[in-house]
Amino acid sequence: MVLNLGILISGNGSNMVNIAKHCKLKNINCNIKIVLSNKNCGGIKKAKKLNLKSMILEPNKFKNRESYENKVSTLLRDHNVNLVCLAGYMLKLGKKFVKKWEKKIINIHPSLLPAFKGINAQEQAYREGVIFTGCTVHFVDQYLDTGQIIDQRIVKIDRNKPLKDLVKKILNEEHKLYINVLKKLSKEN
Ligand code: GAR
């Protein structure tokens with residue numbers, strides 16, 4: 001089945017750009033229908049450059065978080081989205097939103113979940129002294145970074161190198177992982 005993606009971002013957007021590249025190359029059976037960001041960020045500028053439909057929706061311009069998420073949901077539905085991809089989206093989604101899109105939201109996280117949930121997961125692993133970390137794509141549930149794991153990739157930590165090298169190495173693996181997961185889900189659906 002063709003996956004109609006709605007991509008939610010908050011930052012650089014490198015995962016989003018990589019997904020767009022693979023859609024264009026027809027390596028994955030997906031179309032990016034809309035890119036939404038909760039703030040002005042590098043990723044939204046990149047989405048515009050790629051001629052992707054994109055919008056910034058700032059939560060503080062809404063009455064409350066629920067009305068913000070209702071607007072996000074309406075936009076996704078209006079654009080025929082059937083899979084919501086979180087790609088560096090740094091806000092936790094509310095229970096009602098998650099219920100509406102049950103098993104239709106996936107997230108990428110820069111650790112081997114269930115280890116190192118939350119922010120700065122790469123740094124948490126680097127400081128903890130573990131030898132391996134990596135990245136995970138999982139379905140999103142109402143809690144933080146706890147939903148069913150779809151796939152992971154492993155990265156070995158080299159402590160002779162600075163943390164920024166690890167972040168880069170994980171991001172590189174994230175790009176491959178996200179594409180593999182989208183391939184898998186488009187075959188299953
Ligand atoms: C990625 O490393 C992603 O795993 C992380 O933010 C970065 C976004 O990069 N997400 C989280 O930490 C979510 N908890 P990108 O904007 O270049 O794709």
Side-chain angles (χ1 to χ4, degrees), residues 3 5-28 30-32 34-52 54 56 83-93 105-140 143-186:
L3 297 175
L5 311 180
I7 305 186
L8 269 55
I9 61 169
S10 305
N12 265 329
S14 74
N15 276 288
M16 177 270 300
V17 169
N18 187 56
I19 294 168
K21 182 179 102 185
H22 285 273
C23 285
K24 209 169 169 193
L25 290 170
K26 302 216 179 297
N27 288 337
I28 46 177
C30 302
N31 298 310
I32 300 179
I34 189 162
V35 177
L36 295 173
S37 174
N38 61 303
K39 59 183 182 185
N40 196 0
C41 60
I44 211 80
K45 290 184 189 95
K46 290 174 191 161
K48 288 205 168 80
K49 259 196 168 164
L50 289 167
N51 282 322
L52 298 171
S54 63
I56 301 170
L83 184 70
V84 183
C85 296
L86 309 187
Y89 182 71
M90 300 311 271
L91 301 179
K92 189 180 170 292
L93 289 166
I105 316 169
I106 60 174
N107 177 45
I108 188 143
H109 183 77
S111 78
L112 294 175
L113 290 172
F116 310 119
K117 299 184 179 96
I119 59 161
N120 300 327
Q122 306 95 325
E123 186 174 355
Q124 292 182 49
Y126 190 79
R127 306 251 175 263
E128 187 64 33
V130 294
I131 293 169
F132 294 101
T133 184
C135 47
T136 303
V137 173
H138 63 96
F139 286 110
V140 172
Y143 307 106
L144 191 67
D145 302 328
T146 53
Q148 185 196 332
I149 291 170
I150 305 170
D151 205 359
Q152 300 184 305
R153 287 180 80 94
I154 298 166
V155 170
K156 188 163 187 189
I157 300 179
D158 180 354
R159 285 196 179 70
N160 296 315
K161 294 200 174 136
L163 171 63
K164 70 171 179 27
D165 286 35
L166 176 66
V167 172
K168 226 166 137 186
K169 211 166 151 187
I170 295 175
L171 194 59
N172 207 27
E173 293 303 309
E174 287 184 36
H175 294 166
K176 296 179 203 158
L177 178 65
Y178 225 135
I179 299 307
N180 288 346
V181 167
L182 289 172
K183 271 187 190 157
K184 181 177 139 98
L185 293 179
S186 69

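All figures in this text were calculated on a predicted structure; none of them were measured in a lab.
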Could you state the interatomic distance from [atom1] ([X]) to [atom2] ([Y]), rounded to the nearest 0.5 Å?
| X | Y | atom1 | atom2 | result |
| --- | --- | --- | --- | --- |
| Ile7 | Cys85 | CD1 | SG | 5.5 Å |
| Leu93 | Tyr143 | CG | OH | 15.0 Å |
| Ile32 | Leu50 | CD1 | CG | 8.0 Å |
| Asn40 | Lys45 | CG | NZ | 4.5 Å |
| Lys21 | Asn27 | NZ | CG | 8.5 Å |
| Leu182 | Ile28 | CG | CD1 | 5.0 Å |

Quick check: are there more than 12 heavy atoms from other residues, nucleotides or ligands sitting under 6.0 Å from [atom1] of [X]?
| X | atom1 | result |
| --- | --- | --- |
| Lys48 | NZ | yes |
| Ile154 | CD1 | no |
| Lys92 | NZ | yes |
| Ile119 | CD1 | no |

Hey, are the side chains of [X] and [Y] touching, using non-hydrogen atoms and a 4.5 Å cut-off?
| X | Y | answer |
| --- | --- | --- |
| Leu86 | Ile106 | no |
| Leu91 | Tyr89 | yes |
| Leu166 | Lys161 | no |
| Lys184 | Asp151 | no |
| Ser14 | Leu171 | yes |
| Glu174 | Asn15 | yes |
| Tyr126 | Arg159 | yes |
| Lys169 | Ile157 | no |

For this session: List the steps, then state whether side-chain contact (heavy atoms from CB on, under 4.5 Å) holds for Ile19 with Cys30.
Result: CA-CA 9 Å; Ile19 294 168; Cys30 302; 5.7 Å; no
I need the minimum non-hydrogen distance between [X] and [Y], along with the two atoms involved.
| X | Y | answer |
| --- | --- | --- |
| Ala87 | Ile108 | CA-CG2, 4.2 Å |
| Ile44 | Ser54 | CD1-CB, 3.9 Å |
| Pro114 | Lys117 | O-NZ, 3.5 Å |
| Ala121 | Ser111 | CB-CB, 3.9 Å |
| Asn38 | Ser10 | OD1-OG, 2.7 Å |
| Leu144 | Gly118 | CD2-CA, 3.9 Å |

For this session: Scan Gln152, Arg153, His109 and name whichever one has a side-chain hydrogen bond (donor to acceptor under 3.5 Å, both in side chains) with Thr136.
Result: Gln152
